[in-house]
Amino acid sequence: PWGAGRLSDKTAARCEGRSLSYGELDHAVRSMGGWLRSRGVFPGSAVLIVLPDSFSFLACTLGCVLGGGVAVLIGNRMLQEDYRDCIEATRPALVVASPGHSALAAAHEAGVATLALDDAALSGLLEGVAPVEAHPAQRDDVCLMLVTSGTTGRPKVVPHTHGDVFAVAQSTGDFMALRQDDVVLCSAKMSHAYGLFTTLFLTLQAGATAVLDPDKPDAVNTLRLLADEQVTVLASVPALFCLMLLAKEGGLRLEHLRCCYSSGETLPESVHQAWRQATGLEPGLGYGTTEAMTFVIGSRPGESVPGTAGRAIPPYEAVVVDERFERAQPGVPGHLGLRGPSIMRGYLNAPEWTARAFAPDGLLLTGDMAVEQDGVFTILGRMDDMFKVGGLWVTPVRVESALLSHEAVAQCAVTGGMVGALSLVRAHVVLKSGRTWSPALEKALRAHAAQRLPEYMVPADITVTPDLPLTASGKVQRYKLRQAATACPSSMPCP
C-alpha cells in the first residue's frame, strides 16, 4: 500500500521522534533493492539482517524481498557464535548489521561481504541509487527466513515463502482488523514472527503508522511510547503486561489505546483481570509459532476467556492429538498440532528436526501441550516444560497463575525438580518491590497455592530470584531455571 499516491504523505513509521512517510518508505525500499542488486544480491540470494527495529530494518528487509532476495532475520542481541552458525547455515551474500556489531566480525571470519548500517547512514547510502521494480516472484519462492526464539536453547532456521506472507496478511489481517488511523506498537521485535507480522505486514497493509523501538523493551519505556506516540493498538507479551502494571501500580491512563493483544505465552488470568481493571481494556489473545509465522489461535478483545488461547483462526486448523497422533477427546491434554497455509515446509538443512516436527499425515507438531473444550484451546505449556509428580502431569502455567494471584508475587515461573528419587514442583518467583523473603512468606505462598491447586501441584520448593531469564521475544527460558536450580537446589535464594 505504500506506493499508493493517497498514502504517500502519511506517516508509515516513527522511530525515536523521527517520521518516515509512505512515499519516503517506498523510495527507500526501491533504492535499497537497487543498492543490493549492485552489490551482487540477485534473486534467490540471502541477506542476513541483524538490525534493531528502525527505518534501516524496514528499508533493508523490504528492499531485499522486493528484489527477489531472501531476508534472513535474526535478533541483534545474540552471541557472535550464533551469528557464525547462522551464516554457515544460510550462506548469505551479505551481512547487514549496526556499526561495530559482532555479526560483522562473524561475517569477516566467514569471508562474507558486510554492510554497517544505521538510520544516520541510510540516506547517504541510497543517494543517487536507481530504484528497482519488484522482482516477479512466485508464491512458492522463499523470501524470508526466521530463527526460532530458543525457549529450549536450540534455535533453528525457518524458511517462509511469498505465499506464506500473503496468507498471514489475509488471515491475521482480518483477525486483528487494524485501521488506517491506527498507531501500532508491538513490543516483540521485527526479527521475530510476532513483531514481523504485526509491525511490518499488518500495519503497512492497513496504511497505519508503526512505532519502532530500537531498544530492548522495558515497562517504563513502553509506557512512555504509549503516551508520547498516542498509540491506539498495543501488541505485547505477558511478562511486559505484568511489568507495566507493576510500574504503574496506582493505575494506567492510556486514553488513546483502543485495543491490545497478548501473545508469546499464556496470559495468566490474574494479569488479564488486573490489566482490564487498570485500563478498562480486555486484551485480545493470540497464539502462534515461528513455523506458522502468525496467529493460528486467538480471541479478539472483549471475546477472550481468561487463561485460554481462544479458537482456531480460519483458515487454520488446530487439533490436540495423543501419542498415536489421533485426535484426543475433549478435555484430555495432548500435543497441539496445526494445519494451514503459512506453515513451513521444513527447517533449513535440518531433516532430523523436520521429521520430528510433523506427524505422518503432515500435521505440524508445535511442541506445546494443550487441551480443547468446545472449540476453545488452553495451552498448558511446552512439552519440554511439562513434568510429572507422583505419576501426574503438572501444568507449569496453572501453578504460575495461582502464585501470581498472591499480592507479594510480581513474576513467576515453574519447573520440575528432584530431591533424591522424588520429583517435586519448584517455583521461581520475583517479589514485588518492597517485599522481602522470609519463612513466613514462603509458608503463606504455599498456603495460597494449596487453596487453588491440587495437592500434587503445590510447590514443594520456592526460590526467589531477582528476575526471570527471557528470550528476546519475551518468553521465559525455563530450561535455564532448571539448570540454575540443579546447581543451587536450596529453597533459599542463590547467592
Side-chain angles (χ1 to χ4, degrees), residues 29 32-33 35-37 39-54 56-98 101-117 135 137 140-150 154-165 168 188-197 199-201 289-294 342 344-350 353-354 471-473:
V29 168
M32 180 58 78
W35 187 93
L36 291 171
R37 185 68 57 82
R39 296 305 190 275
V41 178
F42 299 110
S45 299
V47 177
L48 182 64
I49 300 173
V50 191
L51 293 172
D53 283 11
S54 57
S56 301
F57 183 102
L58 294 177
C60 197
T61 301
L62 293 172
C64 176
V65 173
L66 180 86
V70 179
V72 182
L73 307 180
I74 183 171
N76 65 337
R77 290 184 171 85
M78 310 288 280
L79 298 176
Q80 185 167 325
E81 62 192 62
D82 296 317
Y83 300 119
R84 190 183 304 118
D85 291 344
C86 197
I87 289 169
E88 183 179 350
T90 61
R91 301 181 182 276
L94 179 72
V95 172
V96 184
S98 304
H101 196 279
S102 61
L104 299 176
H108 288 310
E109 290 177 1
V112 175
T114 62
L115 170 64
L117 183 65
H135 175 74
D140 290 337
D141 290 344
V142 173
C143 64
L144 293 166
M145 291 187 190
L146 300 174
V147 180
T148 60
S149 58
R154 299 186 298 271
K156 298 175 284 292
V157 179
V158 181
H160 281 291
T161 68
H162 286 273
D164 296 346
V165 174
V168 170
K189 300 305 178 184
M190 287 188 285
S191 53
H192 301 276
Y194 185 17
L196 184 68
F197 74 73
T199 303
L200 197 154
F201 298 166
T289 68
T290 303
E291 291 80 0
M293 199 170 58
T294 190
S342 67
M344 69 167 191
R345 283 64 170 170
Y347 297 111
L348 180 69
N349 300 328
W353 283 109
T354 298
T471 67
S473 58

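Computed from a predicted structure; not experimentally measured.
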Novice: If you measure from CD on Gln80 to CG on Leu104, what distance do you get to the nearest 0.5 Å?
Specialist: 9.5 Å

Novice: Starting from the C-alpha separation in whole Å, work towards a yes-or-no answer on side-chain contact (heavy atoms from CB on, under 4.5 Å) for Leu51 and Thr61.
Specialist: CA-CA 10 Å; Leu51 293 172; Thr61 301; over 6 Å; no

Novice: With a 4.5 Å cut-off on side-chain heavy atoms, are Ser191 and Asn76 touching?
Specialist: no

Novice: With no hydrogens and no angle check, is any side-chain donor or acceptor of Ser56 less than 3.5 Å from a backbone partner on Ser54?
Specialist: no

Novice: Going from OG1 on Thr148 to NE2 on His192, what distance comes out if it is rounded to the nearest 0.5 angstrom?
Specialist: 10.0 Å

Novice: Testing the basics here: between Val50 and Gly75, what is the closest heavy-atom pair and its distance to 0.1 Å?
Specialist: CG1-O, 3.7 Å

Novice: To the nearest 0.5 angstrom, please state how far the CG atom of Asp141 sits from the NE2 atom of His135.
Specialist: 6.5 Å

Novice: Is there side-chain contact between Leu348 and Met145, with at least one heavy-atom pair below 4.5 Å?
Specialist: yes

Novice: To the nearest 0.5 Å, tell me how far Leu62 CG sits from Phe57 CZ.
Specialist: 8.5 Å

Novice: At their closest point, which heavy atom of Phe197 faces which heavy atom of Met293, and how far apart are they?
Specialist: CD2-O, 3.1 Å

Novice: To the nearest 0.5 angstrom, please state how far the CG atom of Leu115 sits from the CH2 atom of Trp35.
Specialist: 4.0 Å

Novice: Can you find a heavy atom in the side chain of Met32 that is under 4.5 Å from one in the side chain of Val96?
Specialist: no

Novice: Does any part of the side chain of Tyr347, heavy atoms only, come nearer than 4.5 Å to the side chain of Val157, both counted from C-beta?
Specialist: no

Novice: Apply side-chain contact (heavy atoms from CB on, under 4.5 Å) to Leu58 and Met190, showing your working.
Specialist: CA-CA 9 Å; Leu58 294 177; Met190 287 188 285; 3.9 Å; yes

Novice: Tell me whether Thr114 contacts the main-chain N or O of Val95 through its side chain, where contact means a donor paired with an acceptor under 3.5 Å.
Specialist: no

Novice: Which heavy atom in Ile87 sits nearest to a heavy atom in Ala106, and how many Å separate them?
Specialist: CD1-C, 3.8 Å

Novice: Where is the tightest heavy-atom contact between Gly40 and Ala93, given as atom of each residue plus distance?
Specialist: O-CB, 4.5 Å

Novice: Which residue pairs pass the side-chain hydrogen bond (donor to acceptor under 3.5 Å, both in side chains) test when at least one of the two sits in residues 84-96, sequence neighbours left out?
Specialist: Arg84-Glu109

Novice: Suppose we screen for ring pair (Phe, Tyr, Trp, His ring centres under 6.0 Å). Which residues come up paired with His101, at least two apart in sequence or across chains?
Specialist: Tyr83

Novice: For the pair Leu144 and Asp164, evaluate side-chain contact (heavy atoms from CB on, under 4.5 Å) and give the outcome as yes or no after the intermediate values.
Specialist: CA-CA 10 Å; Leu144 293 166; Asp164 296 346; over 6 Å; no

Novice: When you compare the side chain of His162 with that of Val65, does any pair of heavy atoms fall below 4.5 Å?
Specialist: yes

Novice: Ignoring hydrogens, what is the shortest heavy-atom contact between Ala71 and Cys64? Give both atom names and the distance.
Specialist: N-SG, 3.7 Å

Novice: Over all heavy atoms of both residues, which pair between Pro43 and Gly67 is shortest? Give the atoms and the distance, please.
Specialist: CG-O, 3.7 Å

Novice: Run Arg345 and Thr161 through side-chain contact (heavy atoms from CB on, under 4.5 Å) and show every step you take.
Specialist: CA-CA 10 Å; Arg345 283 64 170 170; Thr161 68; 3.9 Å; yes

Novice: Hey, does Val72 have a side-chain heavy atom less than 4.5 Å from the side chain of Pro92?
Specialist: no

Novice: Going by the rule salt bridge (Lys or Arg N to Asp or Glu O under 4.0 Å), which residues pair with Asp53 if we only count those two or more places apart in sequence or in a different chain?
Specialist: none

Novice: Could you tell me the separation between the SG atom of Cys143 and the CG atom of Leu66, rounded to the nearest 0.5 Å?
Specialist: 11.5 Å

